[in-house]
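Every chain is numbered from 1 and lettered A, B, ... according to where its sequence line falls, protein lines coming before strand lines.
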There are 2 protein chains.
Amino acid sequence: MSKKPVQRTAPKAQESVAITDAEWDIMELLWEKAPRTSQEIVSLLEEGREWKRATVVTLLARLTAKGALNTEPQGNRFLYTPAVERSACVAEETRSFLDRMFGGALQPLVAHVAEHHSLSKKDIAELKALLDQIKPNS
Amino acid sequence: MSKKPVQRTAPKAQESVAITDAEWDIMELLWEKAPRTSQEIVSLLEEGREWKRATVVTLLARLTAKGALNTEPQGNRFLYTPAVERSACVAEETRSFLDRMFGGALQPLVAHVAEHHSLSKKDIAELKALLDQIKPNS
DNA sequence: TGCTCATGTTTACAAGTGTAAGCAATTACG
DNA sequence: CGTAATTGCTTACACTTGTAAACATGAGCA
């Protein structure tokens with residue numbers, strides 16, 4: 001009885017997966033360009049992060065298992081593709097960060113950054129320009 | 001040989017302690033008002049978070065051990081006080097969040113929030129007013 | 001067809017975290 | 001003064017996360 005690469009894609013989750021720090025590095029690569037083979041990802045990360053192949057592969061498996069990646073069998077290997085959008089993940093992280101740190105509002109964060117991380121004149125100008133372009137929702 | 005409550009305050013760390021999610025809840029209470037006894041904190045959190053006394057006490061101990069809290073013995077109990085400022089912790093979290101999600105810059109975050117979480121006309125006005133008050137550093 | 005290489009799977013393991021029971025000692029109360 | 005209640009300390013345990021070795025199997029080449 002032969003055994004093709006097993007499709008282990010998650011239960012079905014597609015919305016809002018929790019991505020850990022290490023996993024994030026892999027997702028970034030795939031958000032930037034997909035699909036990719038594990039080989040590509042491994043070689044990119046063996047340098048940048050000094051991870052062993054096994055480490056990268058484990059993370060790919062975990063991401064697939066939790067539904068953050070889709071895999072398409074190709075011979076005995078997979079092509080990996082993000083199953084969640086970067087902006088959705090960022091939105092989730094942002095939401096929880098704002099809630100926890102600043103009661104969910106943006107203003108206090110901006111005030112905080114201005115005070116503690118400092119903004120240049122140029123930053124301020126850019127932000128103002130940005131605000132002018134935003135169309136108010138709600 | 002009698003045994004007074006042991007002073008287990010951290011090595012000396014005072015700057016930049018990593019505070020976990022659960023611990024954060026305790027710190028909030030102490031940043032809001034300090035010093036407090038464990039009793040106070042326990043009763044506040046038994047409701048809000050449905051934590052058992054033991055849980056709260058463990059977290060207090062961990063926070064003390066890592067230098068996030070100072071303790072002042074009082075009979076057989078302690079008075080707990082934050083050893084780190086909230087704004088310093090927030091600053092650290094903010095820095096790492098901005099780095100990871102938005103390359104360290106504020107503008108993309110604001111843009112993101114505008115798009116994904118939406119801002120009211122009033123929010124935008126407030127932000128503009130805020131920017132006008134900021135004195136550019138650097 | 002046999003062997004080596006690449007690739008995914010299983011197992012591992014330490015540190016960190018959430019959550020808490022149980023013990024010891026001290027204080028408070030009858 | 002003796003007993004109950006309070007409070008901190010020790011220990012525990014499962015789950016997550018970072019990091020990876022060992023293993024099995026299919027693919028490609030000799």
Picking from C/dA6, D/dG8, D/dA21, which would you name as closest to the side chain of A/Asn76?
-> C/dA6
Per A/Thr55 side chain, nearest of listed nucleotides D/dT17, C/dA21, D/dA20 | D/dA20
Any side-chain heavy atom of A/Arg100 sitting closer than 4.5 Å to one from B/Glu93?
-> no
Close side-chain approach of B/Arg53 and B/Gln39, heavy atoms under 4.5 Å | no
Considering just the side-chain nitrogens and oxygens of B/Tyr80, establish if one lies under 4.0 Å of OP1 or OP2 belonging to D/dT7.
-> no
Figure out the [atom1]/[atom2] separation between [X] and [N], and round it to whole Å.
X	N	atom1	atom2	answer
A/Leu60	D/dG18	CG	C1'	15 Å
B/Asp25	C/dT19	CG	C1'	14 Å
B/Asp21	C/dG16	CG	C1'	13 Å
B/Leu63	D/dG8	CG	C1'	15 Å
A/Phe78	D/dA27	CZ	C1'	15 Å
B/Trp24	C/dT17	CH2	P	13 Å
B/Glu23	C/dT19	CD	P	12 Å
A/Lys66	D/dC15	NZ	C1'	13 Å

Does atom NZ of B/Lys122 have more than 12 heavy-atom neighbours from other groups under 6.0 Å away?
-> no
Looking at residues 33-53 of chain A, who's got a heavy atom less than 4.0 Å off DNA chain D?
-> A/Arg49, A/Trp51, A/Lys52
Distance-only donor-acceptor test, B/Arg62 side-chain atoms vs C/dG16 base atoms, 3.5 Å | no
What class does the angle between the rings of B/Phe78 and B/Tyr80 fall in, given that below 30° is parallel, 30 to 60° is tilted and above 60° is perpendicular?
-> perpendicular
Describe, in one word, how the ring planes of B/Phe97 and A/Phe97 are oriented to each other, choosing from parallel (under 30°), tilted (30 to 60°) and perpendicular (over 60°).
-> parallel
Go through the steps to decide whether A/Asp99 and A/Arg95 satisfy the test salt bridge (charged side-chain N to carboxylate O under 4.0 Å, His left out), and finish with yes or no.
-> CA-CA 6 Å; A/Asp99 284 350; A/Arg95 167 55 55 217; 3.4 Å; yes
Given salt bridge (charged side-chain N to carboxylate O under 4.0 Å, His left out), test A/Glu23 with A/Lys66 step by step and report yes or no.
-> CA-CA 11 Å; A/Glu23 290 166 357; A/Lys66 68 168 74 166; 2.8 Å; yes
If you pin B/Thr58 and A/Leu59 to their nearest nucleotides in DNA chain D, which one's is more 5'?
-> B/Thr58
